[in-house]
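Take a look at the structure set out below.
In what follows, chains are A, B, ... by sequence order, proteins preceding strands, each numbered from 1.
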Number of protein chains: 2
Amino acid sequence: MATINDVATKAGVSTATVSRALNGKSTVDPNLVSRVLDAAAELGYQPNGPARNLRRQETAVLALIISDVENPFFTSIARGVEDVAHAVGYSVVLCNSDENPDKERRYIDVAIQERVAGVVLSTTGASTNVDLLTDRGMPMVAVDRPLPDVAADNDTVLVDTRQAAKEATAHLITQGYHHVGCVTGPAGIRTADDRLAGYRDALRAARRKYSAKLVRRTEYRSDGAHQATVDLLSQDERPDALLVANSTMAIGVLAALTELGLKSGKDVGVVAFDDAPWAPLVNPPLSVVSQPAYEIGTVAAQLLLDRITDGTRVPTTTTLSATLIPRGSSTKH
Amino acid sequence: MATINDVATKAGVSTATVSRALNGKSTVDPNLVSRVLDAAAELGYQPNGPARNLRRQETAVLALIISDVENPFFTSIARGVEDVAHAVGYSVVLCNSDENPDKERRYIDVAIQERVAGVVLSTTGASTNVDLLTDRGMPMVAVDRPLPDVAADNDTVLVDTRQAAKEATAHLITQGYHHVGCVTGPAGIRTADDRLAGYRDALRAARRKYSAKLVRRTEYRSDGAHQATVDLLSQDERPDALLVANSTMAIGVLAALTELGLKSGKDVGVVAFDDAPWAPLVNPPLSVVSQPAYEIGTVAAQLLLDRITDGTRVPTTTTLSATLIPRGSSTKH
DNA sequence: ATGAAAGCGCTAACAC
DNA sequence: GTGTTAGCGCTTTCAT
């Protein structure tokens with residue numbers, strides 16, 4: 001593969017001149033510039049990234065570590081990050097941690113080793129090595145889920161998911177459901193905990209008693225939620241409505257209801273987090289809590305880029321709000 | 001950030017020994033090994049990837065260039081690629097070309113510049129620079145869509161989408177629909193063309209006449225399909241069934257039917273490509289052509305890794321088959 | 001404005 | 001088994 005040396009020889013100039021011409025740095029004689037450009041084109045020259053990065057001690061790539069590429073919420077974040085990054089010449093590498101602390105750890109190592117310019121991280125929260133990042137002053141921003149307190153003191157972009165969960169639950173209560181239950185993610189995952197907390201807030205505000213029997217916690221996955229729903233509804237004390245913590249889970253919940261011969265809305269009120277594209281299509285249409293995922297991505301990317309250029313700026317926490325979109329699945333008729 | 005030099009000094013050995021100890025190459029005295037490991041741990045040493053890659057002239061990262069991160073079909077492919085790659089210590093960077101030739105071109109450049117070990121590409125097909133890849137012998141495999149003939153002669157993993165489209169259309173005809181229409185992607189995108197071809201095959205086999213009035217081609221997006229559906233159904237000669245080319249489009253089609261007060265299955269038979277997780281949930285459940293997306297990914301990754309280790313192996317084309325899953329949306333009652 | 005040369009951090013010959 | 005050293009391809013002083 002052609003190197004800068006080949007180009008220099010072909011153009012009859014020094015490598016320094018080639019470098020300058022190609023990067024538009026300092027001033028180079030226009031004649032030489034075009035000679036260099038021609039030579040480069042003829043040789044099909046493509047700069048060697050690793051060499052350049054090694055020398056410059058910097059890269060124009062951001063790492064985005066998320067927990068599930070198959071979840072539309074995270075892919076929307078990804079798009080937001082990408083759009084902002086690309087606009088200023090950065091590339092984004094997407095790393096899928098699969099809600100698995102080991103994979104997350106591994107990707108953090110990769111990010112450090114590849115000396116990426118910064119990372120956007122949605123942490124699983126459990127015993128990871130985020131401190132590796134913070135310790136060496138790697139620019140980074142946490143999204144969707146804050147870092148464990150130890151690390152703290154970094155830019156963060158969150159959604160006020162607790163408040164949203166409270167509103168969604170209150171909505172179900174207002175709609176006349178008497179025993180609202182909750183299907184949320186594993187303990188320790190911040191969003192899962194917050195949604196549960198918001199759910200409890202609403203019960204308290206409405207003077208309903210909280211019962212652990214109406215709550216299930218499982219992986220943020222369809223099948224876990226499916227099982228949990230069957231389980232919840234086969235008890236004596238069964239819920240007549242459910243707050244569901246994300247759209248992947250909602251699929252499992254709705255499938256379970258259908259199997260059990262129950263109609264969402266009429267028999268069991270349902271509100272789920274995340275406005276998946278299919279939510280309006282099911283029958284009845286699914287009521288959702290819509291999170292500004294794309295915006296999370298754009299804001300995070302912007303913060304990250306800012307921090308890369310100015311490492312001293314004081315860390316901020318941005319909290320975006322979610323909106324309840326009531327549809328048929330939260331009305332009895 | 002600590003370098004190999006710091007570790008060497010701290011451990012009282014040469015950098016070569018550190019390198020050997022850390023990489024498990026050749027044999028190093030066990031005592032020295034542990035001294036090195038301790039020193040490295042104490043310093044929080046993380047190897048410098050670019051430096052290593054520059055020296056080794058190789059990287060353990062694969063690039064996966066797909067056209068839509070938000071499409072479950074592609075994210076399943078991504079998972080397949082990832083799982084195989086990770087098992088052997090490779091990282092995967094996901095690049096979203098957004099069905100945009102410019103972005104695709106740009107990502108191909110990035111892949112070359114970063115000297116990735118290989119690339120898995122689902123090309124938009126239009127005037128791209130894939131030849132840059134093939135010209136310099138970059139290991140690569142095309143998925144979902146073959147490369148333009150010029151480039152050719154590389155590993156390819158496809159789905160027999162034409163055959164599947166034919167079967168799906170035949171199924172609709174068998175179910176008693178008389179005027180089957182088709183909503184597919186833009187001309188030039190191979191999968192879109194093939195699905196249309198399969199549709200025509202089926203019409204021919206059933207001795208139905210083909211009418212351009214029953215066909216619409218739009219972006220592989222929900223809103224395009226929405227518009228197309230409204231358009232198709234507001235003609236005099238209107239279809240009573242539709243073959244839809246992917247699940248993103250299916251969302252638009254189903255939304256349009258609902259708006260028009262039409263019931264899928266009963267009023268308009270529908271079969272869509274890709275078994276999205278929500279497909280069984282809509283009412284009636286959506287009949288689909290299920291493509292083995294995850295398997296496309298695993299096969300492609302395996303082929304790519306093979307080729308990386310043995311550049312001389314003769315290129316193969318693997319064609320996987322899709323399966324029709326009939327559900328309620330393709331029955332009149 | 002241009003060239004010579006040093007050096008980023010690492011690995012792999014090559015010596016010993 | 002270990003150390004010395006050259007050099008991967010590039011950018012960037014430092015001269016001129």
Side-chain angles (χ1 to χ4, degrees), chain A residues 1-37 39-40 43-61 89 109-117 136 138, chain B residues 1-37 39-40 43-61 89 109-117 136 138:
Chain A
M1 205 169 290
T3 75
I4 200 173
N5 253 299
D6 302 327
V7 179
T9 309
K10 183 138 198 157
V13 297
S14 74
T15 60
T17 300
V18 174
S19 174
R20 286 190 276 249
L22 259 27
N23 292 295
K25 299 284 186 184
S26 107
T27 48
V28 186
D29 184 290
N31 289 330
L32 291 191
V33 173
S34 64
R35 251 162 62 197
V36 168
L37 259 33
L43 293 167
Y45 171 75
Q46 289 271 21
N48 181 313
R52 163 180 290 173
N53 298 337
L54 174 58
R55 174 63 226 226
R56 285 198 183 153
Q57 300 287 64
E58 68 181 33
T59 28
V61 359
D109 280 343
V110 171
I112 294 174
Q113 290 176 17
E114 295 304 322
R115 304 295 196 261
V116 299
R136 54 195 83 208
M138 170 82 85
Chain B
M1 206 168 291
T3 74
I4 200 173
N5 254 298
D6 302 327
V7 179
T9 309
K10 183 138 199 160
V13 297
S14 74
T15 60
T17 300
V18 173
S19 174
R20 286 190 277 248
L22 260 27
N23 292 295
K25 300 284 186 184
S26 109
T27 48
V28 186
D29 184 290
N31 289 329
L32 290 193
V33 173
S34 65
R35 250 162 63 197
V36 168
L37 259 32
L43 293 167
Y45 171 76
Q46 290 270 22
N48 182 313
R52 164 181 288 172
N53 298 337
L54 174 57
R55 175 61 227 227
R56 285 199 184 151
Q57 299 286 63
E58 67 181 34
T59 26
V61 357
D109 279 343
V110 171
I112 294 174
Q113 290 177 18
E114 295 302 324
R115 305 295 196 260
V116 300
R136 55 194 83 210
M138 170 83 85

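- Rounded to whole angstrom, the span from the CG atom of A:N5 across to the P atom of C:dA4 amounts to 11 Å.
- Atom P of nucleotide D:dT2 and atom CG of B:L22 are separated by 14 Å, given to the nearest angstrom.
- Contacts of A:R52 classified as side chain to side chain contact (heavy atoms under 4.5 Å, CB included), with partners at least two apart in sequence or in another chain: A:N23, A:P47, A:R56.
- Evaluation of the side chain to side chain contact (heavy atoms under 4.5 Å, CB included) rule for A:L37 yields A:L22, A:V33 as partners, not counting sequence neighbours.
- The side chain of B:T17 sits closest to D:dG3 out of D:dG3, C:dG3, D:dT11.
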Look for any protein N or O under 3.5 Å of an N or O in nucleotides 5-8 of chain C and output each such pair with its distance, or none.
unit_1	atom_1	unit_2	atom_2	d
C:dG7	N2	A:R55	NH1	3.2
C:dC8	O3'	A:Q57	NE2	3.2

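- Comparing C:dG3, D:dT4, C:dC10 by their nearest atom to the side chain of A:S14 picks out C:dG3.
- Going from atom NZ of B:K25 over to atom P of C:dC10 covers 16 Å, rounded to whole Å.
- The shortest distance between the side-chain N/O atoms of B:S19 and the OP1/OP2 oxygens of C:dC10 is not below 4.0 Å.
- Every residue meeting the side chain to side chain contact (heavy atoms under 4.5 Å, CB included) condition with B:A60, not counting sequence neighbours, appears here in chain and number order: B:Y90.
- Note on residues 3-20 of chain A: pairs passing salt bridge (Lys or Arg N to Asp or Glu O under 4.0 Å), not counting sequence neighbours, are A:K10-A:E42.
- The C1' atoms of five pairs define one axis at each end of the helix from C:dA1-D:dT16 to C:dC16-D:dG1, and these two axes lie 40° apart (to 10°).
- A:S14 meets the side-chain hydrogen bond (donor to acceptor under 3.5 Å, both in side chains) test with A:T17; sequence neighbours excluded.
- The distance between atom CZ of B:R20 and atom P of C:dC10, rounded to the nearest whole Å, is 15 Å.
- If you take CD of A:E114 and P of C:dG9, they are 15 Å apart, rounded to a whole angstrom.
- Taking the side chain to side chain contact (heavy atoms under 4.5 Å, CB included) definition, one finds that B:R115 meets it with A:M1, A:Q46, A:N48, A:P50, B:I112, sequence neighbours left out.
- Taking atom CG of B:L32 as the reference point, atom C1' of D:dG3 lies 12 Å away to the nearest angstrom.
- In this model, the phosphate group of C:dG9 is not approached by any side-chain N or O of B:R52 to a distance below 4.0 Å at OP1 or OP2.
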